[in-house]
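Notes to accompany the following structure.
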2 protein chains.
Amino acid sequence: MGNSSTTVNAASQSLDPSGPARMSDVARLAGVSKMTVSRVLAGHSVALATRERVQQAIDELGYVADAAAGALSSGRSEFVAVLVPSLASSNFSDTVRGLTAALEPQGLQLLLGDTDYDLDREERLVRSMLRHQPRCVALTGAQHTAATRTLLVRSGIPVVEMWDLPSDPIDAVVGFSNAKAAREMVRYLQARGYRRIGFIGGAGDLDRRGYERLKGYRQEIRALSLGEPRVVRLGDSPITMSHGAPALDALLDQWPDTDAVMCVSDMSAFGAIMQCHRRGLSVPDDIAVAGFGNFEVSACSHPTITTVSVDAHGIGYRTGETLLAALNGHRAQDRAHTKVNIDYTVIARESA
Amino acid sequence: MGNSSTTVNAASQSLDPSGPARMSDVARLAGVSKMTVSRVLAGHSVALATRERVQQAIDELGYVADAAAGALSSGRSEFVAVLVPSLASSNFSDTVRGLTAALEPQGLQLLLGDTDYDLDREERLVRSMLRHQPRCVALTGAQHTAATRTLLVRSGIPVVEMWDLPSDPIDAVVGFSNAKAAREMVRYLQARGYRRIGFIGGAGDLDRRGYERLKGYRQEIRALSLGEPRVVRLGDSPITMSHGAPALDALLDQWPDTDAVMCVSDMSAFGAIMQCHRRGLSVPDDIAVAGFGNFEVSACSHPTITTVSVDAHGIGYRTGETLLAALNGHRAQDRAHTKVNIDYTVIARESA
DNA sequence: TTGAAAGCGCTACCAG
DNA sequence: CTGGTAGCGCTTTCAA
């Protein structure tokens, strides 16, 4: 990418000299008190004629209510803090969409942040978001710094951890067992006749969910007496498509007779399949490849990729529902800690 | 996806009976006035001993300053409103990362929203975000409702439109000409010897950038006298991988002798290539396929995909810089409207 | 270097 | 159904 050019054109922009309109301006123009304007905005009962006059004044002035003032005065904001490891991952962005679908109709506004699979960054973001007094918090995974936990517990607002089933949750949980899902995939491969099954995943421990899948793979390989686990751990999260090729090479270098590869994610599986093509290996005849996550690429690639489907949107939506229930429910002390178990399914496709 | 199960476990949560700590609580505990606490938080000059005492009180109480109160009092928030069509698209999430890289170190916080390629939704989000008095706004594209424009102009804060070069920008602009980039790809294909070049893209007019690419294709096909344009428009934005297969089929149905396909995005190109494999067509020997965007899949698929590389991260970073310059610069009336032209490059790979 | 008072723009509360 | 008063938690401004 070369240099880019910058040109500057002078121009003017209309702007009220007295600054933006305030509620008192609207009130004066409509000939009512501030309170009446406030009621119109909140949808409280106001005489129709009055309401119309106020609305007209609002439109005329282009009035936009100040949310900070409202939040300060009423003691509650409309924010929901949401933290995901990566916004680019289609599964997490589906989860965000699910959250949006559940929460936006209630007038809540998402305060989104991506942690980049970095627990310290997560802590910084939580701290920064809590300053805005969110009504509740949704975050990803079970692994957090001690400070993050303390911060969240002290805040006293509802918290949901998503995408996992921690044994010691902060508050509520919406997720599934990544280990069990991985075990199910191993059983599927075994049932299809594969016996020398490898696993490729990331090297870091930051991606707890990936680590759980590896754990499940190991457990089930042992349970089915399929010999020594064949594990390649390479690269950091997020696992991208470019992970698959070198990981597959490493696996086949060490265990050339491998007949099936289970990948920590569809991204990696896709990269591995493309590398099989380059090596002249036919999938699944020479080697089977399975993914995880049911990303779009798994349905569109050739061959299509056998994978574990997780209802990412559902995780978001159920999380939204859980948070709403907590908001409309009891005080924190009495609140029950909800645990929502999300389903997953092995999707049999062409690659394994 | 079947049903999911819900279990509920009662548990209690620690919570101060008097609610969260306030600045006055910190002040009392440290034996200073609120002002001194405020100065410590803002990093203003305070005697070291005093500062340490205050900090200790803050830690002890787990005090988190209320951003809404601060914003109200000081008259300015730390928010930057950011709107992209889709958070899942890797190009837009790269842009968001670029924005984050530029703005977070300045203590600014992104208020993120995805418009879902829906101008009315964009308007709603802008309205909702403006309530939080953001310091500035970054949005995608040149197409907005009249109300959105009015809202933004009236707000008087710096605005950047990204990913396009509108002829009548709201304020500043950071982007490139999608039409020119598409023309460059047509010239590339012509230079490689292809003469019967088709184009596949979305049907809707919502994706202005996709439409500009189609326009550029048409212009260059005519300029190079390559016959009648062969255009298939199918499906809505965002264009995903599943777009490519049916679009390719439609194109070859109508113009069976097509020797190259230019796709509105790498997603579509990937789907088209996989469909070629299914049809027994070799890429690029039987038919060439080119994409747009240099998404990860274009570098990892087999064959690798020839595409137009756009510095999506750079768009975000430059936008952040532009906004910061505006914030630190003159008042709106005097401000110059900046125009930043971002580079793009045709990346020659295996598919065309 | 520190403190006291005033007030940001809005909503809760109680009167009328 | 409508209005006045008080005050949310913080920062500004001025004074000490």
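A quick note: this is a predicted structure, and the numbers were derived from the prediction, not measured. Proteins get letters first, then strands, A, B, ... in listed order; numbering begins at 1 in each. Below, each value reflects all heavy atoms present in this structure, side chains not excepted, and no hydrogens, waters or symmetry copies.
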**Report entry** Salt bridge present between A:Asp25 and A:Arg28 (N-O < 4.0 angstrom)
**Finding:** yes

Query raised in the report: Does B:Arg124 pair with A:Glu104 as a salt bridge, N-O distance under 4.0 Å?
Result: no

Rounded to whole angstroms, how far apart are [atom1] on [X] and [atom2] on [N]?
X	N	atom1	atom2	answer
A:Gln133	D:dC8	CD	P	14 Å
B:Ile58	D:dG9	CD1	P	17 Å
B:Arg28	C:dA4	CZ	P	14 Å

Query raised in the report: Do A:Met129 and A:Val137 come within less than 4.5 Å of each other through their side chains, counting heavy atoms only?
Result: no

Query raised in the report: Do A:Ser93 and A:Leu87 have side chains that get closer than 4.5 Å, going by heavy atoms?
Result: no

Could you pull out the protein-nucleic contacts involving nucleotides 8-12 of chain C (nitrogen or oxygen on both sides, under 3.5 Å)?
| unit_1 | atom_1 | unit_2 | atom_2 | d |
| --- | --- | --- | --- | --- |
| C:dC8 | O2 | B:Ser73 | N | 3.4 |
| C:dG9 | OP1 | A:Arg22 | NE | 2.9 |
| C:dG9 | OP1 | A:Arg22 | NH2 | 3.3 |
| C:dG9 | N2 | A:Ala69 | O | 3.3 |
| C:dC10 | OP1 | A:Tyr63 | OH | 2.3 |
| C:dC10 | OP1 | A:Asp66 | N | 3.4 |
| C:dC10 | OP2 | A:Met23 | N | 2.7 |
| C:dC10 | O2 | A:Ser73 | OG | 2.9 |
| C:dC10 | N4 | A:Lys34 | NZ | 2.8 |
| C:dT11 | OP2 | A:Ser38 | OG | 2.6 |
| C:dT11 | O4' | A:Ser73 | OG | 2.6 |
| C:dT11 | O2 | A:Ser73 | OG | 3.4 |

Query raised in the report: So, is A:Thr36 near the phosphate of D:dG3, with a side-chain N or O under 4.0 Å from OP1 or OP2?
Result: yes

Query raised in the report: Do you see a donor-acceptor pair shorter than 3.5 Å between the side chains of B:Gln109 and A:Ser128?
Result: yes

Query raised in the report: Would you call the rings of B:Phe79 and A:Phe79 parallel, tilted or perpendicular if under 30° counts as parallel and over 60° as perpendicular?
Result: tilted

